[in-house]
Protein chains: 2
Amino acid sequence: MTQRLDTILHGLEQADQHDALQRAIEALCAFYGVDHMVYHWVSGSGEQYGCGTYDDVWVQHYIDKQYLRVDPVISGCYQRFHPVDWKRLDWSSKAARAFQKDAIAHGVGNQGFSIPIRGPNGQFALFSLSHNCTDDEWDAFTETNRRDLILVAHYFNKKALDLEPGRSPEPSQPLSPREIDAMTLLAVGYSRAQVAETLTISEHTLRVYIESARFKLGALNTTHAVARALARGIIVV
Amino acid sequence: MTQRLDTILHGLEQADQHDALQRAIEALCAFYGVDHMVYHWVSGSGEQYGCGTYDDVWVQHYIDKQYLRVDPVISGCYQRFHPVDWKRLDWSSKAARAFQKDAIAHGVGNQGFSIPIRGPNGQFALFSLSHNCTDDEWDAFTETNRRDLILVAHYFNKKALDLEPGRSPEPSQPLSPREIDAMTLLAVGYSRAQVAETLTISEHTLRVYIESARFKLGALNTTHAVARALARGIIVV
DNA sequence: TGCCGTCTCACCATTTTTGGGGAGTTGGAA
DNA sequence: TTCCAACTCCCCAAAAATGGTGAGACGGCA
């Protein structure tokens, strides 16, 4: 079994096109005997890239309805490091339940398991499995295969990064220490006046930092700059 | 061999204290027969947390000298997703070579291998191995064990996050769809006027959304609200 | 030595955002 | 039915942010 996984991972490493990723995920799906498997890269400005076994209709529906904004799998994984069973996510909001119903109606299984993956420059992706079965069966399956799946997710993301270099945000010029200070304090809610006072510099000086940070980040305004700095992991709140 | 790894990972999952992590890393080091292994969490504000088999003198020296800013392993891994051999990093700067010399003088091996790890909220950590041997020996070793080591790194980081819950964001009231739209558009750089136009609502209405989102997120101003929404995964940019 | 990036400070006018009010509709939940 | 949350709209004045332009000092690097 582990031997087989090695073979699959090795094959994945050889993949040189999007098509190869798609074939690999279909092979994996069959190998593990689950209904669906999907790799979903959530990239900047709500653009998405991925491959998997979901019905095209569902994928398009997901995009059209902007379910990205509602999907508890996305927000739940975004806040987690370790893989998570969909049962353990927060489905309490009305929008989430409506989404869930819609998903099941489109062939997504009642069970699910997702692995968050993060790369440089704030890259974020998910590797998800979905299936129709009982809770006990699903728990047993995920317990057994979790480690292998983490590796699979890692290699899928590696390949996706290799094959789609344009999708990751251009690595921006690094910010200077003062610029990072400024961005960080703005991100925790300080006004410009407070930031200037905290850094014991004049507000005029502070403005220079903010502007230069904005320029380096290619941001249109302060809020945008802070959002980009956060998304790229340049600052941490 | 794989059986042994499972046992070690399982033991790691049971760890409930920093000490247990330290013992686990020592056991792993002995298991793989490498000179050093270290888990190193690099937090945003320059604080550091970790465990490993490096000499305490070297660790303190590293901190005192602020080698964090010079270390090519740090900057190299920060820009990569996949594990990397230290030989493949950029050691060309003068500071980097001085650092390397100092490191070897303090018992760090001539070979090294590091795995970048990223968690929520821009968390970043490294899992590194260091050894004294020839290039060929090291290449063979890393080739053989890379996948296992990725998993080990993952589980170390999971434990570190569990044991140091310093930055798990408190859950807040969910935002309404319109509030999410507003926050998202602000995060991608739109001005209030543009957001209002995009959502085809009056700017006054938009303000109500922003204010209520700010209230729900406990934010002091719009930038803060967007930063929190991003950090909590409520919006994705 | 000269260049470059960082850090520091200043003034102007304009645009944008914010904080304080109030008010009507809809659709789902109790 | 009643209530509440979400959605929509409006006014006014104060506070904050922005855009443009300019300049001196320091340290590292070639």
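Small disclaimer: the values here were computed from a predicted structure and weren't measured. Order of the sequence lines fixes the chain letters, A, B, ..., with proteins taken first and strands second; residue numbering starts at 1 for each chain.
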In whole Å, what is the span from the [atom1] atom of [X] to the [atom2] atom of [N]?
{"X": "B/F215", "N": "C/dG19", "atom1": "CZ", "atom2": "P", "result": "13 Å"}
{"X": "A/L206", "N": "C/dC11", "atom1": "CG", "atom2": "P", "result": "16 Å"}
{"X": "A/H224", "N": "C/dT17", "atom1": "NE2", "atom2": "P", "result": "14 Å"}
{"X": "B/H204", "N": "D/dT8", "atom1": "NE2", "atom2": "C1'", "result": "11 Å"}

Is there a side-chain polar atom (N or O) of [X] under 4.0 Å from OP1 or OP2 of [N]?
{"X": "A/K216", "N": "C/dT6", "answer": "yes"}
{"X": "A/Y209", "N": "C/dT6", "answer": "no"}
{"X": "B/S176", "N": "D/dC7", "answer": "yes"}
{"X": "B/R178", "N": "D/dT8", "answer": "yes"}

Can you list the residues that meet the side-chain hydrogen bond (donor to acceptor under 3.5 Å, both in side chains) rule with B/Y39, with sequence neighbours excluded?
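Here the qualifying residues are B/N157.
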
Looking for any heavy atom pair under 4.0 Å, which part of the strands does B/T205 touch: base, sugar-phosphate only, or nothing?
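Here B/T205 touches the bases of the nucleic acid.
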
Straight-line distance of B/H204 NE2 to B/Y209 OH, nearest 0.5 Å
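Here the interatomic distance stands at 13.5 Å.
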
Does B/D139 come within less than 4.0 Å of B/K87, counting only side-chain N to carboxylate O?
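Salt bridge present between B/D139 and B/K87.
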
If you take the centroid of each ring, where Trp contributes its six-membered ring, are A/H106 and A/Y62 closer together than 6.0 Å?
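Here the rings of A/H106 and A/Y62 have centres that are no less than 6.0 Å from each other.
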
Ring center gap for B/H154 and B/F127 short of 6.0 angstrom
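No; B/F127 has its ring centre 6.0 Å or more from that of B/H154.
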
Residues B/D136 and B/T134: side-chain donor-acceptor under 3.5 angstrom
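No.
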
Taking the side chain of B/S202 as its heavy atoms from C-beta onward, which of D/dC10, C/dC9, C/dC7 lies nearest to it?
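Closest nucleotide among those given: D/dC10.
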
List, with names and distances, any nitrogen or oxygen atoms from the protein found under 3.5 Å away from nitrogen or oxygen atoms belonging to nucleotides 15-20 of chain D.
unit_1, atom_1, unit_2, atom_2, d
D/dA17, OP1, A/R192, N, 3.3
D/dA17, OP2, A/R192, N, 3.4
D/dT18, OP1, A/T222, N, 3.3
D/dT18, OP1, A/T222, OG1, 2.7
D/dT18, OP2, A/R192, NH1, 3.4
D/dT18, OP2, A/T222, OG1, 2.7
D/dT18, O4, A/R207, NH1, 3.4
D/dG19, OP2, A/R214, NH2, 2.4
D/dG19, N7, A/R207, NH2, 2.6
D/dG19, O6, A/R207, NH1, 2.8
D/dG19, O6, A/R207, NH2, 2.9
D/dG20, O6, A/R207, NH2, 2.9

